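Below you'll find the structure, written out as structure tokens, and then a few comments.
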2 protein chains.
Amino acid sequence: MDDIKEKLDIFHNHCKAKGLKVTPQRTEIYKTLIASKEHPSAEMVYEKIRQTLPNVSFDTVNRTLNTLNDMGAAFIVEGCGDVRRFDGNMENHQHFKCINCKKIFDFSHKTFDNISVPENLLGDFKVLRAVVYIEGLCKSCQEKK
Amino acid sequence: MDDIKEKLDIFHNHCKAKGLKVTPQRTEIYKTLIASKEHPSAEMVYEKIRQTLPNVSFDTVNRTLNTLNDMGAAFIVEGCGDVRRFDGNMENHQHFKCINCKKIFDFSHKTFDNISVPENLLGDFKVLRAVVYIEGLCKSCQEKK
DNA sequence: TTACTATATAGGTTTAGCTACTATTTTGTT
DNA sequence: AACAAAATAGTAGCTAAACCTATATAGTAA
């Protein structure tokens with residue numbers, strides 16, 4: 001998997017370009033995030049990262065995740081209330097969230113991948129992000145009821 | 001404005017159908033929410049409602065707003081982090097949120113109002129809500145910078 | 001109307017998620 | 001090797017939101 005190595009290289013250059021230092025913690029947090037498919041919360045990343053860096057503080061994890069979001073290396077998944085969930089996959093994709101088990105599922109849909117923002121909005125607003133958000137019940141949660 | 005009276009009637013029937021009691025607090029909170037155009041947080045509803053019901057508790061407001069969400073008389077506005085914002089307008093519409101001032105603007109767009117959910121999702125998920133969420137900077141926040 | 005039962009409320013307590021602060025350490029660069 | 005800018009650990013603080021329990025109320029049935 002040189003894919004990860006490549007992503008880390010890009011990430012390191014990205015950091016330098018933004019004047020951010022490349023620290024082991026930052027690298028490890030980023031690596032954990034892109035390796036995860038579950039759109040983890042800060043708490044979930046913290047638990048995982050302690051296996052490799054036992055002395056890292058929760059604050060560092062949370063702050064770093066926000067930094068990744070600010071620099072555009074990751075983003076906060078849109079949702080309704082609940083804990084912040086992060087996503088390191090910057091490729092165009094959509095999310096379905098189960099309101100019962102809170103799992104987030106990725107999916108891709110051509111027409112959603114490039115949403116054309118209404119022109120009357122473009123005049124007044126600077127659009128930074130446009131996504132389709134779908135929520136409901138996943139298969140196993142439907143069966144439970 | 002018999003529109004409000006009509007909505008209240010529907011709401012009361014809706015409550016009874018779900019086995020929920022029609023209390024003055026519940027009615028007033030619902031009325032406040034549908035009268036508001038600003039997608040208020042629980043705190044904002046609480047402040048407003050104290051003008052008519054000075055003895056209401058914050059917990060009641062917050063719990064009731066969640067009840068409204070659960071029964072389908074309102075919903076929590078999707079977003080990234082921040083405080084929960086509620087919306088009593090159940091008609092199809094989309095949201096634009098300014099990440100600076102946190103204001104939420106409604107807009108309507110034909111192609112968004114009836115998003116066709118991918119068929120492969122329909123098989124596994126029960127879709128309860130599908131909306132387009134746009135975030136960025138509103139006009140006045142752009143000018144400030 | 002009155003009495004009864006299930007549900008809702010007020011008020012206080014508690015928790016969770018997140019942010020702020022400061023002394024110390026580390027990175028990246030001269 | 002030394003220096004300055006920036007990041008980290010650890011603690012402490014804050015705010016939103018959920019929990020708990022005694023009391024009050026709505027809806028129902030006699």
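Side-chain atoms are counted along with the backbone in the values below, which use heavy atoms only and exclude waters and symmetry mates. A, B, ... follow the sequence lines: proteins, then strands. Residue 1 opens every chain. Since we're looking at a predicted model, the values are computed, not measured.
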Without decimals, in angstroms, what is the distance between [X] [atom1] and [N] [atom2]?
X: A:I49; N: D:dA7; atom1: CD1; atom2: C1'; result: 15 Å
X: B:K16; N: C:dA6; atom1: NZ; atom2: C1'; result: 16 Å
X: B:E43; N: D:dC14; atom1: CD; atom2: P; result: 16 Å
X: B:L68; N: C:dA8; atom1: CG; atom2: P; result: 12 Å
X: B:N55; N: D:dT23; atom1: CG; atom2: C1'; result: 14 Å
X: A:K18; N: C:dG28; atom1: NZ; atom2: P; result: 18 Å
X: A:E47; N: C:dG17; atom1: CD; atom2: P; result: 12 Å
X: A:R63; N: D:dA6; atom1: CZ; atom2: C1'; result: 10 Å

Look at the side chain of [X] and decide which nucleotide, out of [options], has an atom nearest to it.
X: B:Q25; options: C:dT19, D:dA9, C:dA10; answer: C:dA10
X: B:R26; options: C:dA8, D:dA9, D:dG27; answer: C:dA8
X: A:T23; options: D:dA17, C:dT27, C:dC18; answer: C:dT27
X: A:F58; options: D:dA9, C:dC18, C:dA8; answer: C:dC18

- Would you check if the distance from the ring center of A:H95 to the ring center of A:H39 is below 6.0 Å?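 A:H95 vs A:H39: aromatic centres under 6.0 Å.
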
Ignoring backbone atoms, test whether [X] places a side-chain nitrogen or oxygen under 4.0 Å from the OP1 or OP2 oxygen of [N].
X: A:N62; N: C:dT19; answer: yes
X: B:T60; N: C:dT9; answer: no
X: A:R84; N: C:dA16; answer: no

- Message: Assuming nearest nucleotide by heavy-atom distance, tell me which of B:P24 and B:D82 is located more 5' along DNA chain D.
- Response: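 Residue closer to the 5' terminus by nearest nucleotide: B:D82.
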
- On DNA chain D, check which nucleotide each of B:N66 and B:L20 is closest to and give me the residue with the more 5' one.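 Looking at the nearest nucleotide for each, B:N66 comes out on the 5' side.
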
- Task: Kindly indicate whether the side chain of A:D59 and the base of C:dC18 share any N or O donor-acceptor pair separated by less than 3.5 Å?
- Result: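 Checked by distance alone, the answer is no.
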
- Between B:K18 and B:D70, is there a side-chain N and carboxylate O pair less than 4.0 Å apart?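 B:D70 and B:K18: not salt-bridged.
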
- Query: Does a salt bridge link A:E38 with A:K48, judged by any charged N lying under 4.0 Å from a carboxylate O?
  - Reply: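 A salt bridge links A:E38 with A:K48.
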
- Message: Just by distance, no angles: are the side chains of A:Y30 and A:E28 close enough, under 3.5 Å, to form a donor-acceptor pair?
- Response: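 No donor-acceptor contact under 3.5 Å links the two side chains.
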
- Check whether the side chains of A:N92 and A:S108 place a donor and an acceptor atom closer than 3.5 Å, and report yes or no.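 No - no donor-acceptor pair under 3.5 Å links their side chains.
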
